[in-house]
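Down below is the structure, laid out as structure tokens.
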Amino acid sequence: MRSLSTADRGALHREILQWYAVHLRPLPWREASCSPWGVLLSEVMAQQTPLARVEPAWREWMSRWPTPAALAAESPGEVVRAWGRLGYPRRALRLREAAAAIVERHGGEVPRGLDELRALPGVGDYTAAAVAAFAFGDRSVVVDTNVRRVQARIVDGVAQAAPSLTRAEVALAESLLPADDAEAATWNVAVMELGALVCTARAPRCEECPVSARCAWFLAGRPAYEGPVRRGQAWHGTDRQVRGIIVQTLRDASEPVARGDLAPGRDEAQVDRCLAGLIEDGLVEPVAGERFSLPRIEERAG
DNA sequence: TATACGTGGGG
DNA sequence: TCCCCAAGTAT
């Protein structure tokens, strides 16, 4: 890991924070008036889902369930239906569980502490740090895919980060974090925004980058990535695809659906296997007469 | 540490 | 068309 002088760090902060002040997207959960619950909701929805698709769903959810208590009182099936096509619908279930935990353990208020946040269902290291920073203005180390890529390029001079998060990356992010709480919080979102809009994975816009002049990767002539190859996600014909079809069928249905109509034309053994998995996950509920629906009662524990 | 887990837009 | 990948988490 290359280390930066104090002066270099200061310049980096100034340039990226200035860029952010001009180029930030006016997302609703960035409004000062947005509640911690709104921030938590946005962070979970944004896990592996592009922000452009998150925004309309976020607005609908905030209107329907403006507090953790409101969501906790909703049925899991309705929550999965409202999740729509954001992907990874188990996140909707976890969000409802998190809402219930917030009501039970924290009096209905999103907790501020990293440990308390991290203990909520569906909240990992990234989301806990992000909520601490963006909802409460705390100085926490937020390391998402954007931060990892920006750091890899500017500091390490490589096109992309390692396949999985390393200790060194977290240590680097920590070393780059401004000392001041509020400035650190803004720094986190500014680096993420830079990664999302300029320092992108596919076709980085280095001409528009405020720090290309101090970017090790740019200065080295943007060398191609040489690390271990990332495994692409298999999709066609996978269980994941069939699970998606089944859940979408149930989202669109107003009545319970027979097994044979869940994923028409798909291999029956695969449909059975996926169905069992979905039931185990609490995303599908068997009802009378060999039919299935989104969960109406209680989702399975575990 | 590696793998499962959805979905859709852009290159 | 096909492939990559997006504010990750849980196991």
Side-chain angles (χ1 to χ4, degrees), chain A residues 20 24-25 27-30 38-58 80 83-95 97-98 117-135 140-150 159-167 169-170 173 185 187-197 199-205 225 228-251 263 273-274 277-278 280-283 302:
Chain A
Y20 178 70
L24 85 175
R25 291 168 288 182
L27 299 165
W29 48 87
R30 287 178 177 167
V39 173
L40 174 58
L41 187 55
S42 77
E43 291 302 338
V44 174
M45 285 184 165
Q47 291 168 1
Q48 299 285 283
T49 299
L51 295 194
R53 274 198 287 151
V54 165
E55 187 169 348
W58 183 90
V80 170
W83 190 254
R85 304 188 66 88
L86 290 180
Y88 296 145
R90 52 175 54 171
R91 286 183 291 163
L93 253 26
R94 298 294 86 81
L95 222 21
E97 292 169 5
L117 286 165
R118 185 67 178 75
L120 298 173
V123 175
D125 289 338
Y126 162 76
T127 302
V131 172
F134 308 142
S140 64
V141 186
V142 183
V143 187
D144 79 325
T145 186
N146 291 302
V147 171
R148 298 186 61 213
R149 186 176 53 254
V150 171
Q160 55 182 269
S164 57
L165 182 63
T166 65
R167 283 183 123 92
E169 289 179 85
V170 178
W187 167 256
N188 281 318
V189 71
V191 176
M192 289 166 65
E193 194 78 332
L194 185 67
L197 300 181
C199 193
T200 56
R202 222 94 46 89
R205 303 170 174 80
Y225 178 69
V229 284
R230 296 187 183 203
R231 285 187 35 128
Q233 295 185 343
W235 176 246
H236 190 69
T238 60
D239 282 6
R240 186 148 61 168
Q241 182 183 29
V242 172
R243 284 170 58 108
I245 291 167
I246 292 172
V247 172
Q248 183 56 29
T249 297
L250 294 178
R251 266 195 294 259
R273 182 172 67 244
C274 291
L278 287 166
E280 177 67 29
D281 292 344
L283 283 164

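Just so you know, these numbers come straight off a predicted model, no measurement behind them. In what follows, chains carry the letters A, B, and so on, assigned in the order in which the sequence lines appear, proteins first and then strands, with residues in each chain numbered from 1.
A search for side-chain contact (heavy atoms from CB on, under 4.5 Å) contacts involving A/A128 returns A/L114, A/L117, A/R118, A/V123, not counting sequence neighbours. With sequence neighbours left out, the salt bridge (charged side-chain N to carboxylate O under 4.0 Å, His left out) criterion links A/R251 to no other residue. In this structure, the side-chain contact (heavy atoms from CB on, under 4.5 Å) partners of A/R273, at least two apart in sequence or on a different chain, are A/D239, A/Q270. Scanning for salt bridge (charged side-chain N to carboxylate O under 4.0 Å, His left out) contacts around A/R85 gives an empty result, with sequence neighbours left out. When the side-chain contact (heavy atoms from CB on, under 4.5 Å) test is applied to A/Q241, the partners found at least two apart in sequence or on another chain are A/W235, A/H236, A/T238, A/I245, A/R266.
To the nearest 0.5 Å, atom SG of residue A/C274 and atom CG of residue A/L283 are 12.0 Å apart.
Nearer the 5' end of DNA chain B, as judged by each residue's closest nucleotide, is the contact made by A/P163, out of A/Q241 and A/P163.
In summary, contact between chain A and DNA chain B, defined as any nucleotide atom under 4.0 Å from a heavy atom of the protein, begins and ends at B/dT3 to B/dG11 in the 5' to 3' direction.
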Side-chain polar contacts of residues 188-196 of chain A - donor-acceptor pairs under 3.5 angstrom, sequence neighbours left out - could you list them?
residue, atom, partner, partner atom, Å
A/N188, ND2, A/S140, O, 2.8
A/N188, ND2, A/A184, O, 3.2
A/E193, OE1, A/R25, NE, 3.4
A/E193, OE1, A/R25, NH2, 2.8
A/E193, OE1, A/R30, NH2, 2.8
A/E193, OE2, A/R25, N, 2.9
A/E193, OE2, A/R25, NE, 3.0
A/E193, OE2, A/R30, NH1, 3.0

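If you take atom P in C/dT11 and the same atom in B/dG6, they sit 14 Å apart, rounded to whole Å. As rounded to the nearest Å, C/dA7 and B/dA2 have P atoms that lie 23 Å from one another.
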Assign a letter to each nucleotide of nucleotides 3-9 of chain C from its 5' end: B, base within under 4.0 Å of a protein heavy atom; S, sugar-phosphate only; -, no contact.
-BSBBBS

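Among pairs with a residue in residues 44-57 of chain A, those fulfilling salt bridge (Lys or Arg N to Asp or Glu O under 4.0 Å) read A/E55-A/R59, at least two apart in sequence or across chains.
At a threshold of 4.0 angstrom between heavy atoms, the contacts of A/R251 are confined to the sugar-phosphate backbone, with no base atom among them.
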